[in-house]
Number of protein chains: 2
Amino acid sequence: MAKPADQHDQLIEAQDRFIASWGQMAGAWGISRTMAEAHALLYITGRPMNTDEIMDRLQISRGNASMSIRALLDWGIISRTHKRGDRKEYFEADQDVWSMFRSIVRERIKREVEPLLATLYEIRDASPAPDDATGQAQKELLANQKRLEEMLSFLKVMEKLSQRFVSPSGSGLELAAKLLTKLDK
Amino acid sequence: MAKPADQHDQLIEAQDRFIASWGQMAGAWGISRTMAEAHALLYITGRPMNTDEIMDRLQISRGNASMSIRALLDWGIISRTHKRGDRKEYFEADQDVWSMFRSIVRERIKREVEPLLATLYEIRDASPAPDDATGQAQKELLANQKRLEEMLSFLKVMEKLSQRFVSPSGSGLELAAKLLTKLDK
DNA sequence: CGTTTCTTTCAGAAATTTTTGAAATCGATG
DNA sequence: CATCGATTTCAAAAATTTCTGAAAGAAACG
(Lines give C-alpha, C1' and ligand atoms only; values in the text may rest on other atoms or scores of the structure.)
Protein backbone atom coordinates (compact mmCIF):
# COMPACT_ATOMS: atom_id res chain seq x y z
CA MET A 1 0.00 0.00 0.00
CA ALA A 2 1.29 3.41 -0.99
CA LYS A 3 2.14 5.97 1.63
CA PRO A 4 1.27 9.63 1.04
CA ALA A 5 4.96 10.48 0.67
CA ASP A 6 5.34 7.95 -2.12
CA GLN A 7 2.38 9.35 -3.93
CA HIS A 8 3.70 12.83 -3.60
CA ASP A 9 7.05 11.77 -4.97
CA GLN A 10 5.34 10.12 -7.88
CA LEU A 11 3.35 13.25 -8.56
CA ILE A 12 6.46 15.38 -8.61
CA GLU A 13 8.17 12.90 -10.86
CA ALA A 14 5.27 12.81 -13.29
CA GLN A 15 5.20 16.60 -13.34
CA ASP A 16 8.91 16.75 -14.00
CA ARG A 17 8.54 14.38 -16.92
CA PHE A 18 5.74 16.47 -18.30
CA ILE A 19 7.84 19.59 -17.92
CA ALA A 20 10.81 17.95 -19.62
CA SER A 21 8.86 16.71 -22.63
CA TRP A 22 7.12 20.04 -22.98
CA GLY A 23 10.52 21.66 -22.88
CA GLN A 24 11.67 19.53 -25.76
CA MET A 25 8.89 20.97 -27.88
CA ALA A 26 10.24 24.43 -27.26
CA GLY A 27 12.25 24.59 -30.47
CA ALA A 28 9.15 23.69 -32.42
CA TRP A 29 7.26 26.61 -30.99
CA GLY A 30 10.03 29.08 -31.49
CA ILE A 31 10.68 29.69 -27.81
CA SER A 32 13.52 28.76 -25.47
CA ARG A 33 13.54 25.57 -23.47
CA THR A 34 13.30 27.34 -20.14
CA MET A 35 10.36 29.38 -21.31
CA ALA A 36 8.53 26.22 -22.31
CA GLU A 37 9.43 24.54 -19.05
CA ALA A 38 8.22 27.45 -16.96
CA HIS A 39 4.97 27.36 -18.85
CA ALA A 40 4.66 23.60 -18.43
CA LEU A 41 5.24 23.95 -14.70
CA LEU A 42 2.54 26.56 -14.29
CA TYR A 43 0.18 24.63 -16.49
CA ILE A 44 0.57 21.19 -14.96
CA THR A 45 0.54 22.29 -11.34
CA GLY A 46 -2.36 24.60 -12.07
CA ARG A 47 -1.49 26.98 -9.27
CA PRO A 48 0.08 30.46 -9.17
CA MET A 49 3.78 30.53 -8.40
CA ASN A 50 6.25 33.30 -7.73
CA THR A 51 9.65 33.75 -9.27
CA ASP A 52 11.50 32.00 -6.44
CA GLU A 53 9.32 28.92 -6.57
CA ILE A 54 9.86 28.66 -10.32
CA MET A 55 13.62 29.19 -9.94
CA ASP A 56 13.84 26.47 -7.31
CA ARG A 57 11.72 23.96 -9.10
CA LEU A 58 13.41 24.40 -12.50
CA GLN A 59 16.87 25.02 -11.09
CA ILE A 60 17.48 28.19 -13.05
CA SER A 61 18.92 31.60 -12.24
CA ARG A 62 16.88 34.59 -11.21
CA GLY A 63 17.73 36.42 -14.41
CA ASN A 64 16.64 33.55 -16.56
CA ALA A 65 13.41 33.14 -14.64
CA SER A 66 12.66 36.83 -14.95
CA MET A 67 13.31 36.86 -18.70
CA SER A 68 11.32 33.71 -19.36
CA ILE A 69 8.35 34.87 -17.34
CA ARG A 70 8.39 38.19 -19.08
CA ALA A 71 8.42 36.47 -22.46
CA LEU A 72 5.50 34.24 -21.49
CA LEU A 73 3.57 37.33 -20.42
CA ASP A 74 4.36 38.95 -23.77
CA TRP A 75 3.03 35.90 -25.54
CA GLY A 76 -0.09 36.21 -23.44
CA ILE A 77 -0.09 32.62 -22.19
CA ILE A 78 0.48 33.32 -18.52
CA SER A 79 -0.81 36.16 -16.36
CA ARG A 80 0.07 37.94 -13.14
CA THR A 81 -1.74 37.45 -9.86
CA HIS A 82 -1.10 38.51 -6.33
CA LYS A 83 -1.53 37.04 -2.90
CA ARG A 84 -2.85 39.07 -0.03
CA GLY A 85 -0.10 40.16 2.29
CA ASP A 86 2.61 39.03 -0.10
CA ARG A 87 4.58 41.54 -2.08
CA LYS A 88 5.77 38.97 -4.59
CA GLU A 89 4.22 38.62 -7.98
CA TYR A 90 2.60 35.32 -8.80
CA PHE A 91 2.08 33.87 -12.24
CA GLU A 92 -0.44 31.41 -13.55
CA ALA A 93 -0.89 29.68 -16.86
CA ASP A 94 -3.98 29.85 -18.95
CA GLN A 95 -5.77 26.64 -17.97
CA ASP A 96 -7.57 26.29 -21.28
CA VAL A 97 -5.24 24.59 -23.76
CA TRP A 98 -7.21 25.93 -26.69
CA SER A 99 -7.01 29.52 -25.69
CA MET A 100 -3.33 29.03 -25.03
CA PHE A 101 -2.95 27.61 -28.51
CA ARG A 102 -4.81 30.59 -29.93
CA SER A 103 -2.45 33.01 -28.25
CA ILE A 104 0.52 31.18 -29.67
CA VAL A 105 -0.84 31.13 -33.20
CA ARG A 106 -1.86 34.76 -33.04
CA GLU A 107 1.56 35.75 -31.81
CA ARG A 108 3.38 33.71 -34.41
CA ILE A 109 1.35 35.16 -37.25
CA LYS A 110 2.21 38.60 -35.98
CA ARG A 111 5.90 37.85 -35.55
CA GLU A 112 6.59 35.65 -38.52
CA VAL A 113 3.96 35.70 -41.24
CA GLU A 114 3.24 39.40 -41.27
CA PRO A 115 6.85 40.59 -41.63
CA LEU A 116 7.44 38.00 -44.33
CA LEU A 117 4.35 39.13 -46.22
CA ALA A 118 5.47 42.73 -45.96
CA THR A 119 8.89 41.89 -47.39
CA LEU A 120 7.42 39.84 -50.21
CA TYR A 121 5.08 42.66 -51.20
CA GLU A 122 8.04 44.98 -51.23
CA ILE A 123 10.03 42.66 -53.45
CA ARG A 124 7.13 42.30 -55.83
CA ASP A 125 6.50 46.00 -56.09
CA ALA A 126 10.16 46.79 -56.58
CA SER A 127 10.56 44.34 -59.42
CA PRO A 128 10.82 45.83 -62.90
CA ALA A 129 7.94 45.84 -65.34
CA PRO A 130 8.92 43.19 -67.84
CA ASP A 131 7.28 44.85 -70.89
CA ASP A 132 10.49 46.31 -72.21
CA ALA A 133 12.49 43.12 -72.08
CA THR A 134 12.37 40.32 -74.56
CA GLY A 135 13.48 36.73 -74.83
CA GLN A 136 15.09 34.82 -72.01
CA ALA A 137 15.33 37.69 -69.54
CA GLN A 138 11.65 38.46 -69.86
CA LYS A 139 10.69 34.84 -69.51
CA GLU A 140 12.62 34.51 -66.29
CA LEU A 141 11.18 37.68 -64.88
CA LEU A 142 7.68 36.51 -65.56
CA ALA A 143 8.31 33.07 -64.10
CA ASN A 144 9.72 34.67 -60.97
CA GLN A 145 6.78 36.94 -60.56
CA LYS A 146 4.42 34.02 -60.92
CA ARG A 147 6.11 32.13 -58.11
CA LEU A 148 6.17 35.21 -55.95
CA GLU A 149 2.43 35.66 -56.48
CA GLU A 150 1.78 32.05 -55.63
CA MET A 151 3.70 32.34 -52.41
CA LEU A 152 1.89 35.56 -51.55
CA SER A 153 -1.53 34.07 -52.11
CA PHE A 154 -0.56 31.03 -50.10
CA LEU A 155 0.56 33.11 -47.17
CA LYS A 156 -2.51 35.31 -47.32
CA VAL A 157 -4.85 32.33 -47.28
CA MET A 158 -2.93 30.77 -44.42
CA GLU A 159 -3.03 33.98 -42.46
CA LYS A 160 -6.75 34.35 -42.94
CA LEU A 161 -7.43 30.72 -42.13
CA SER A 162 -5.41 30.92 -38.93
CA GLN A 163 -7.08 34.12 -37.86
CA ARG A 164 -10.46 32.58 -38.46
CA PHE A 165 -9.52 29.51 -36.51
CA VAL A 166 -8.04 31.56 -33.77
CA SER A 167 -10.81 34.08 -33.36
CA PRO A 168 -11.95 34.03 -29.74
CA SER A 169 -15.58 33.09 -30.36
CA GLY A 170 -16.67 29.71 -29.05
CA SER A 171 -14.67 26.85 -27.67
CA GLY A 172 -11.70 25.73 -29.68
CA LEU A 173 -12.56 22.12 -29.15
CA GLU A 174 -16.04 22.57 -30.54
CA LEU A 175 -14.73 24.46 -33.52
CA ALA A 176 -12.17 21.79 -34.24
CA ALA A 177 -14.78 19.06 -34.01
CA LYS A 178 -17.01 21.04 -36.41
CA LEU A 179 -14.13 21.44 -38.78
CA LEU A 180 -13.34 17.75 -38.74
CA THR A 181 -16.94 16.97 -39.62
CA LYS A 182 -17.08 19.56 -42.35
CA LEU A 183 -13.86 18.41 -43.92
CA ASP A 184 -15.54 15.11 -44.63
CA LYS A 185 -18.16 16.69 -46.84
CA MET B 1 15.52 52.50 -70.92
CA ALA B 2 16.67 49.37 -69.21
CA LYS B 3 19.35 47.23 -70.74
CA PRO B 4 19.09 43.45 -70.43
CA ALA B 5 22.02 43.45 -68.03
CA ASP B 6 20.19 45.80 -65.68
CA GLN B 7 17.11 43.65 -65.70
CA HIS B 8 19.15 40.58 -65.03
CA ASP B 9 20.81 42.27 -62.08
CA GLN B 10 17.45 43.28 -60.73
CA LEU B 11 16.20 39.76 -61.09
CA ILE B 12 19.14 38.39 -59.17
CA GLU B 13 18.70 41.02 -56.52
CA ALA B 14 15.00 40.28 -56.13
CA GLN B 15 15.79 36.58 -55.86
CA ASP B 16 18.42 37.24 -53.23
CA ARG B 17 15.97 39.25 -51.21
CA PHE B 18 13.43 36.47 -51.47
CA ILE B 19 16.03 33.96 -50.38
CA ALA B 20 17.08 36.09 -47.45
CA SER B 21 13.57 36.65 -46.14
CA TRP B 22 12.75 32.99 -46.58
CA GLY B 23 15.89 32.19 -44.66
CA GLN B 24 14.71 34.33 -41.76
CA MET B 25 11.63 32.13 -41.46
CA ALA B 26 13.87 29.12 -40.97
CA GLY B 27 13.70 29.19 -37.20
CA ALA B 28 9.93 29.24 -37.37
CA TRP B 29 9.88 26.05 -39.41
CA GLY B 30 12.39 24.29 -37.27
CA ILE B 31 15.08 24.08 -39.91
CA SER B 32 18.44 25.80 -40.34
CA ARG B 33 18.86 29.05 -42.21
CA THR B 34 20.92 27.51 -44.97
CA MET B 35 18.38 24.78 -45.47
CA ALA B 36 15.64 27.36 -45.91
CA GLU B 37 17.80 29.43 -48.24
CA ALA B 38 18.65 26.47 -50.42
CA HIS B 39 14.99 25.69 -50.68
CA ALA B 40 14.11 29.29 -51.46
CA LEU B 41 16.73 29.35 -54.20
CA LEU B 42 15.39 26.23 -55.85
CA TYR B 43 11.84 27.41 -55.47
CA ILE B 44 12.22 30.94 -56.77
CA THR B 45 14.44 30.13 -59.72
CA GLY B 46 12.26 27.16 -60.56
CA ARG B 47 15.06 25.26 -62.21
CA PRO B 48 17.13 22.25 -61.18
CA MET B 49 20.55 23.09 -59.78
CA ASN B 50 23.52 21.00 -58.77
CA THR B 51 25.49 21.24 -55.57
CA ASP B 52 28.15 23.56 -57.01
CA GLU B 53 25.62 26.03 -58.32
CA ILE B 54 23.92 26.13 -54.93
CA MET B 55 27.27 26.52 -53.14
CA ASP B 56 28.28 29.39 -55.38
CA ARG B 57 25.02 31.21 -55.22
CA LEU B 58 24.59 30.94 -51.46
CA GLN B 59 28.29 31.22 -50.67
CA ILE B 60 28.40 28.15 -48.48
CA SER B 61 30.77 25.23 -48.10
CA ARG B 62 30.39 21.92 -49.89
CA GLY B 63 29.72 20.12 -46.63
CA ASN B 64 27.00 22.51 -45.64
CA ALA B 65 25.39 22.29 -49.07
CA SER B 66 25.46 18.52 -48.98
CA MET B 67 23.90 18.36 -45.52
CA SER B 68 21.23 20.93 -46.27
CA ILE B 69 20.24 19.27 -49.51
CA ARG B 70 20.07 15.92 -47.80
CA ALA B 71 17.82 17.36 -45.09
CA LEU B 72 15.52 18.93 -47.69
CA LEU B 73 15.28 15.57 -49.42
CA ASP B 74 14.42 13.94 -46.09
CA TRP B 75 11.66 16.47 -45.57
CA GLY B 76 10.41 15.60 -49.04
CA ILE B 77 10.27 19.17 -50.31
CA ILE B 78 12.94 18.88 -52.99
CA SER B 79 13.75 15.99 -55.30
CA ARG B 80 16.64 14.68 -57.37
CA THR B 81 16.89 15.00 -61.13
CA HIS B 82 19.59 14.38 -63.65
CA LYS B 83 20.80 15.95 -66.85
CA ARG B 84 21.80 13.83 -69.80
CA GLY B 85 25.54 13.69 -70.21
CA ASP B 86 26.10 15.21 -66.79
CA ARG B 87 27.16 13.07 -63.89
CA LYS B 88 26.16 15.62 -61.28
CA GLU B 89 22.96 15.35 -59.33
CA TYR B 90 20.47 18.13 -59.77
CA PHE B 91 17.84 19.18 -57.28
CA GLU B 92 14.52 20.88 -57.76
CA ALA B 93 11.94 22.23 -55.39
CA ASP B 94 8.35 21.21 -55.36
CA GLN B 95 6.72 24.00 -57.39
CA ASP B 96 3.37 23.68 -55.65
CA VAL B 97 3.48 25.69 -52.44
CA TRP B 98 0.58 23.73 -51.00
CA SER B 99 2.12 20.37 -51.46
CA MET B 100 5.31 21.72 -49.99
CA PHE B 101 3.35 22.95 -47.00
CA ARG B 102 1.77 19.53 -46.65
CA SER B 103 5.15 17.84 -46.55
CA ILE B 104 6.31 20.20 -43.86
CA VAL B 105 3.24 19.69 -41.69
CA ARG B 106 3.34 15.93 -42.13
CA GLU B 107 6.99 15.83 -41.18
CA ARG B 108 6.55 18.06 -38.17
CA ILE B 109 3.68 16.00 -36.84
CA LYS B 110 5.84 12.94 -37.17
CA ARG B 111 8.85 14.53 -35.52
CA GLU B 112 7.24 16.64 -32.85
CA VAL B 113 3.65 15.79 -32.04
CA GLU B 114 3.90 12.03 -32.17
CA PRO B 115 6.86 11.68 -29.80
CA LEU B 116 5.23 14.13 -27.39
CA LEU B 117 1.98 12.19 -27.49
CA ALA B 118 3.85 8.97 -26.82
CA THR B 119 5.58 10.47 -23.79
CA LEU B 120 2.38 11.92 -22.41
CA TYR B 121 0.60 8.57 -22.69
CA GLU B 122 3.49 7.01 -20.88
CA ILE B 123 3.31 9.56 -18.09
CA ARG B 124 -0.41 9.08 -17.74
CA ASP B 125 -0.21 5.31 -17.61
CA ALA B 126 2.63 5.35 -15.12
CA SER B 127 0.81 7.62 -12.71
CA PRO B 128 -0.60 5.95 -9.60
CA ALA B 129 -4.27 5.16 -9.18
CA PRO B 130 -5.48 7.78 -6.73
CA ASP B 131 -8.15 5.62 -5.07
CA ASP B 132 -6.05 4.79 -2.07
CA ALA B 133 -5.07 8.32 -1.26
CA THR B 134 -7.14 10.92 0.51
CA GLY B 135 -7.12 14.62 1.15
CA GLN B 136 -4.70 17.03 -0.45
CA ALA B 137 -2.49 14.47 -2.15
CA GLN B 138 -5.44 12.87 -3.88
CA LYS B 139 -6.85 16.20 -4.94
CA GLU B 140 -3.58 17.17 -6.57
CA LEU B 141 -3.22 13.86 -8.31
CA LEU B 142 -6.68 14.16 -9.78
CA ALA B 143 -6.15 17.73 -10.90
CA ASN B 144 -2.93 16.72 -12.57
CA GLN B 145 -4.54 13.88 -14.40
CA LYS B 146 -7.28 16.14 -15.60
CA ARG B 147 -4.81 18.57 -17.13
CA LEU B 148 -2.85 15.73 -18.68
CA GLU B 149 -6.03 14.40 -20.27
CA GLU B 150 -6.91 17.83 -21.60
CA MET B 151 -3.52 18.19 -23.18
CA LEU B 152 -3.76 14.72 -24.66
CA SER B 153 -7.14 15.32 -26.21
CA PHE B 154 -5.95 18.65 -27.55
CA LEU B 155 -2.94 17.09 -29.21
CA LYS B 156 -4.98 14.25 -30.63
CA VAL B 157 -7.51 16.60 -32.19
CA MET B 158 -4.74 18.77 -33.60
CA GLU B 159 -3.01 15.77 -35.03
CA LYS B 160 -6.17 14.54 -36.68
CA LEU B 161 -7.07 17.96 -37.98
CA SER B 162 -3.64 18.46 -39.50
CA GLN B 163 -3.64 15.05 -41.08
CA ARG B 164 -7.03 15.72 -42.55
CA PHE B 165 -5.95 19.07 -43.86
CA VAL B 166 -2.78 17.66 -45.18
CA SER B 167 -4.19 14.59 -46.90
CA PRO B 168 -3.07 14.60 -50.51
CA SER B 169 -6.52 14.67 -52.12
CA GLY B 170 -7.37 17.81 -54.07
CA SER B 171 -5.64 21.15 -54.28
CA GLY B 172 -4.70 22.75 -51.00
CA LEU B 173 -5.84 26.12 -52.19
CA GLU B 174 -9.32 24.85 -53.03
CA LEU B 175 -9.57 23.07 -49.71
CA ALA B 176 -8.54 26.18 -47.84
CA ALA B 177 -11.02 28.32 -49.73
CA LYS B 178 -13.76 25.80 -49.01
CA LEU B 179 -12.84 25.78 -45.37
CA LEU B 180 -12.92 29.53 -45.14
CA THR B 181 -16.42 29.55 -46.58
CA LYS B 182 -17.64 26.78 -44.34
CA LEU B 183 -16.26 28.37 -41.24
CA ASP B 184 -18.61 31.25 -41.79
CA LYS B 185 -21.69 29.07 -41.47
C1' DC C 1 41.38 -2.36 -62.40
C1' DG C 2 43.07 2.54 -62.07
C1' DT C 3 41.60 7.01 -62.66
C1' DT C 4 38.58 10.64 -62.36
C1' DT C 5 34.57 12.98 -60.83
C1' DC C 6 31.09 13.59 -57.60
C1' DT C 7 29.17 12.99 -52.88
C1' DT C 8 29.17 12.25 -47.98
C1' DT C 9 31.08 12.41 -43.49
C1' DC C 10 32.73 14.39 -39.40
C1' DA C 11 36.02 16.68 -36.11
C1' DG C 12 37.00 21.09 -35.08
C1' DA C 13 35.90 26.20 -35.71
C1' DA C 14 32.69 29.78 -35.86
C1' DA C 15 28.41 31.76 -34.97
C1' DT C 16 24.38 32.05 -32.43
C1' DT C 17 21.43 31.40 -28.57
C1' DT C 18 20.68 30.82 -23.85
C1' DT C 19 21.87 31.36 -19.10
C1' DT C 20 24.07 33.35 -15.20
C1' DG C 21 24.76 36.52 -11.46
C1' DA C 22 25.79 40.81 -9.79
C1' DA C 23 24.52 45.51 -10.11
C1' DA C 24 20.94 48.80 -11.12
C1' DT C 25 16.26 49.94 -10.80
C1' DC C 26 11.77 49.93 -9.00
C1' DG C 27 8.33 50.63 -5.66
C1' DA C 28 5.98 49.80 -1.35
C1' DT C 29 6.29 50.96 3.43
C1' DG C 30 7.13 53.24 7.69
C1' DC D 1 12.78 60.27 1.92
C1' DA D 2 15.48 56.25 3.52
C1' DT D 3 15.12 51.44 3.65
C1' DC D 4 14.37 47.01 2.18
C1' DG D 5 12.50 43.43 -0.55
C1' DA D 6 11.30 42.41 -5.31
C1' DT D 7 12.27 42.76 -10.10
C1' DT D 8 14.81 43.86 -14.27
C1' DT D 9 18.83 44.49 -16.92
C1' DC D 10 22.87 43.24 -19.27
C1' DA D 11 27.78 41.96 -20.01
C1' DA D 12 30.17 37.93 -19.82
C1' DA D 13 30.16 32.74 -19.71
C1' DA D 14 28.27 28.49 -21.09
C1' DA D 15 25.77 25.66 -24.05
C1' DT D 16 24.08 24.64 -28.34
C1' DT D 17 23.70 24.86 -33.21
C1' DT D 18 25.56 25.52 -37.59
C1' DC D 19 29.30 25.60 -40.86
C1' DT D 20 33.75 24.48 -42.85
C1' DG D 21 37.08 21.91 -45.28
C1' DA D 22 39.82 18.13 -45.76
C1' DA D 23 39.62 13.27 -46.00
C1' DA D 24 37.10 9.11 -47.00
C1' DG D 25 33.78 6.89 -49.75
C1' DA D 26 30.99 5.83 -54.14
C1' DA D 27 30.06 5.58 -58.62
C1' DA D 28 31.01 6.21 -63.54
C1' DC D 29 34.26 5.87 -67.10
C1' DG D 30 38.03 4.11 -70.11
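In the text below, chain A, chain B and the rest are named by the order of the sequence lines, each starting its count at 1.
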Report summary line: Out of D:dA28, C:dA28, D:dT20, minimum distance to the side chain of B:Arg87 belongs to D:dA28
Report task. Please figure out whether A:Arg33 or A:Met67 has its closest DNA chain D nucleotide nearer the 5' end. Result -> A:Met67
**Report entry** B:Trp75 six-ring centre to B:Arg106 NZ/CZ under 6.0 Å and within 45° of normal
**Finding:** no
Report task. Indicate the ring-plane relationship of B:His39 and B:Tyr43, choosing parallel, tilted or perpendicular according to the 30° and 60° boundaries. Result -> parallel
Requested in this report: Classify the ring geometry between A:Phe18 and A:Trp22 as parallel (under 30°), tilted (30 to 60°) or perpendicular (over 60°).
Outcome: parallel
**Report entry** Whole angstrom value for the distance that separates P of D:dT9 from CD1 of A:Ile69
**Finding:** 13 Å
Query raised in the report: Any side-chain N or O of A:Ser32 less than 4.0 Å from the OP1 or OP2 oxygen of C:dT17?
Result: no
Report task. Round to the nearest Å and state the distance from B:Arg80 atom CZ to C:dC6 atom P. Result -> 16 Å
Query - For the student: nearest non-hydrogen atoms of A:Gln95 and B:Arg147, plus distance - result: OE1-CD, 3.0 Å
Tabulated below should be each protein N or O lying under 3.5 Å from an N or O of nucleotides 22-24 of chain D; please produce it.
none

Report task. Just compare C:dT19, D:dG21, D:dT8 and give me whichever is closest to any side-chain atom of A:Arg70. Result -> D:dT8
Report summary line: Among C:dC6, C:dT20, D:dT20, the one nearest any side-chain atom of B:Ile60 is D:dT20
**Report entry** Side-chain N,O (A:Thr51) to OP1/OP2 (D:dA6) below 4.0 Å
**Finding:** no
Report task. Determine the minimum heavy-atom distance between B:Ser103 and B:Ile77, stating which atoms define it. Result -> CB-CG2, 3.6 Å
Query raised in the report: What nucleic acid atoms does B:Ser66 come within less than 4.0 Å of, heavy atoms only: base, sugar-phosphate, or nothing?
Result: base
Query raised in the report: Please give, in whole Å, the distance from D:dA26 P to B:Glu89 CD?
Result: 15 Å
Query raised in the report: Do B:Arg47 and B:Glu92 sit within salt-bridge range, that is, some charged N less than 4.0 Å from a carboxylate O?
Result: no
